[in-house]
Peer 1: 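Let me begin by handing over the structure; questions about it come next.
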Amino acid sequence: LPIPLMFTAKPGDKKPEQKKTAAAAPAAGKKEAPAAAKPAAAAPKKAAAAPAKKPAAAAGAAKKPAAAAGAAKKPTAVKKTVATKAKAKDVKKKLAAGKKPQSVLAKLSAKARAAAKAKKAVKPGTKPAKGTAKAKAVALLNAKKVQKKIIKGAFGTRARKVRTNVHFRRPTTLKLPRNPKYPRKSVPTRNRMDAYNIIKYPLTTEAAMKKIEDNNTLVFLTHLRANKNHVRAAVRKLYDIKVAKVNVLIRPDGQKKAYVRLARDYDALDIANKIGII
């Protein structure tokens, strides 16, 4: 195959190498330019970060080109404005929270400073700081109190009563007497066993008449629940006579019969006539 002319090298032909060197020269110039610009841009940053007290650093920064100095002045001005705004915000927050800035506190007198420190002092009722021995002791004491409440209930300590008997009786409590505010019955009940109810009527049989004539004794049918004393009192009230003796019995038909013997001063026939038996 025939070799192309481009790749054939002649001893007197130096044109391609010159082109390469000529092309490399501007590229190197371009690389050096940004490399020189980098330290120039880094220098203003260092000058902004360095404090104003160092005169040597300020003098070195002044000798640099005007373009680099102009570029360095802009970021410092921006930083200063941001710092002043932040300080102003801090002052406003302190004023809103009731704290005075340091500039104001510096102007106060010694008495005012002492008063401000006294306010900042820890109050006796405040909790101790966490991690201290006192805080640990307080926490332990509170934990023991809670434990005791859990074990013995919410009402403190109460000893358990020792029981020696299997039976449980309700304890005796206060029993007050009745103190009614109004009577439950408007009218008290009438006594049913009065004289007219105790003695029903006198008997007028032949045996009863024989008792009146022979024994000075009157015979009556009485209330079933009446006793000898009831009969004696009823006869005295109804007929105004004195009684010597009273005997009672219950008949087979279920009624109660009373034999009333009069005193010697009174005659049974006269009393029977007065009653209307004879």
Peer 1: For Ala268 and Asn216, work out which heavy atoms get closest and say how close.
Peer 2: N-OD1, 2.7 Å
Peer 1: So with a 6.0 Å cut-off around CZ of Arg169, is the heavy-atom count from everything else above 12?
Peer 2: no
Peer 1: Residues two or more places apart in sequence or in another chain: which of them pass salt bridge (Lys or Arg N to Asp or Glu O under 4.0 Å) with Arg163?
Peer 2: none
Peer 1: To the nearest 0.5 Å, tell me how far His223 NE2 sits from Asp194 CG.
Peer 2: 9.5 Å
Peer 1: Is it the case that the side chain of Lys245 and the backbone of Val243 share a donor-acceptor pair, with hydrogens and angles ignored and the cut-off at 3.5 Å?
Peer 2: no
Peer 1: Is a side-chain donor or acceptor of Asn273 paired with a backbone partner of Leu269 at a separation under 3.5 angstrom?
Peer 2: yes
Peer 1: Kindly indicate whether the side chain of Ile241, heavy atoms from C-beta on, has any atom under 4.5 Å from the side chain of Val235.
Peer 2: yes
Peer 1: Measure the spacing between CG of Asp214 and CE of Met209 and express it to the nearest 0.5 Å.
Peer 2: 12.5 Å
Peer 1: To the nearest 0.5 angstrom, please state how far the CG atom of Asp270 sits from the CD1 atom of Ile278.
Peer 2: 9.5 Å
Peer 1: Let's go through Asn179 and Lys181 carefully: what are the C-alpha distance in whole Å and the side-chain angles of both, what is the deciding distance for side chain to side chain contact (heavy atoms under 4.5 Å, CB included) to 0.1 Å, and is it a yes or a no?
Peer 2: CA-CA 7 Å; Asn179 186 18; Lys181 300 296 181 273; 3.6 Å; yes
Peer 1: Looking at Arg184, I want to see if its CZ is surrounded by more than 12 non-hydrogen atoms of other residues, nucleotides or ligands under 6.0 Å.
Peer 2: yes
Peer 1: Where the side chain of Lys256 meets the backbone of Ala226, is there a donor-acceptor pair that is under 3.5 Å apart?
Peer 2: yes
Peer 1: Is it the case that over 12 heavy atoms from other parts of the model lie below 6.0 angstrom from the OH atom of Tyr196?
Peer 2: no
Peer 1: Indicate, with yes or no, if Val219 and Ile199 share a hydrophobic cluster defined by side-chain heavy-atom contacts under 4.5 Å among Ile, Leu, Val, Met, Phe, Trp and Tyr.
Peer 2: no
Peer 1: For residues Leu238 and Ala195, report the shortest heavy-atom separation together with the two atoms involved.
Peer 2: CD1-O, 3.9 Å
Peer 1: Is any side-chain heavy atom of Asn215 closer than 4.5 Å to a side-chain heavy atom of Arg261?
Peer 2: no
Peer 1: Is it true that, when you exclude Lys211 itself, more than 12 heavy atoms of the residues, nucleotides or ligands shown sit nearer than 6.0 Å to its NZ?
Peer 2: no
Peer 1: Would you check if the side chain of Asn247 reaches a backbone N or O of Tyr259 as a donor-acceptor pair within less than 3.5 Å?
Peer 2: no
Peer 1: Could you check whether atom CZ of Arg232 has more than 12 heavy atoms from other residues, nucleotides or ligands sitting under 6.0 Å from it?
Peer 2: yes
Peer 1: At what distance, to the nearest 0.5 angstrom, does NZ of Lys200 lie from CG of Leu224?
Peer 2: 7.5 Å
Peer 1: Checking Leu203 against Leu221 for the side chain to side chain contact (heavy atoms under 4.5 Å, CB included) test, could you report, in this order, the C-alpha distance in whole Å, the side-chain angles of both residues, the deciding distance, and whether it holds?
Peer 2: CA-CA 7 Å; Leu203 280 178; Leu221 279 179; 4.2 Å; yes
Peer 1: Could you give the distance from CD1 (Ile212) to OG1 (Thr217), rounded to the nearest 0.5 Å?
Peer 2: 9.0 Å
Peer 1: Does a sphere of radius 6.0 Å around CG in Asn191 hold more than 12 heavy atoms from other residues, nucleotides or ligands, not counting ones at 6.0 Å or beyond?
Peer 2: yes
Peer 1: Provide the closest heavy-atom pair for Arg225 versus His230 in the form atom of the first, atom of the second, distance.
Peer 2: O-ND1, 4.2 Å
Peer 1: By side chain to side chain contact (heavy atoms under 4.5 Å, CB included), which residues pair with Lys242, not counting sequence neighbours?
Peer 2: Ala263, Tyr266
Peer 1: Does one hydrophobic cluster hold both Tyr201 and Leu249, with members joined at side-chain heavy-atom distances below 4.5 Å?
Peer 2: yes
Peer 1: Should we count CZ of Arg264 as having more than 12 external heavy atoms under 6.0 Å?
Peer 2: no
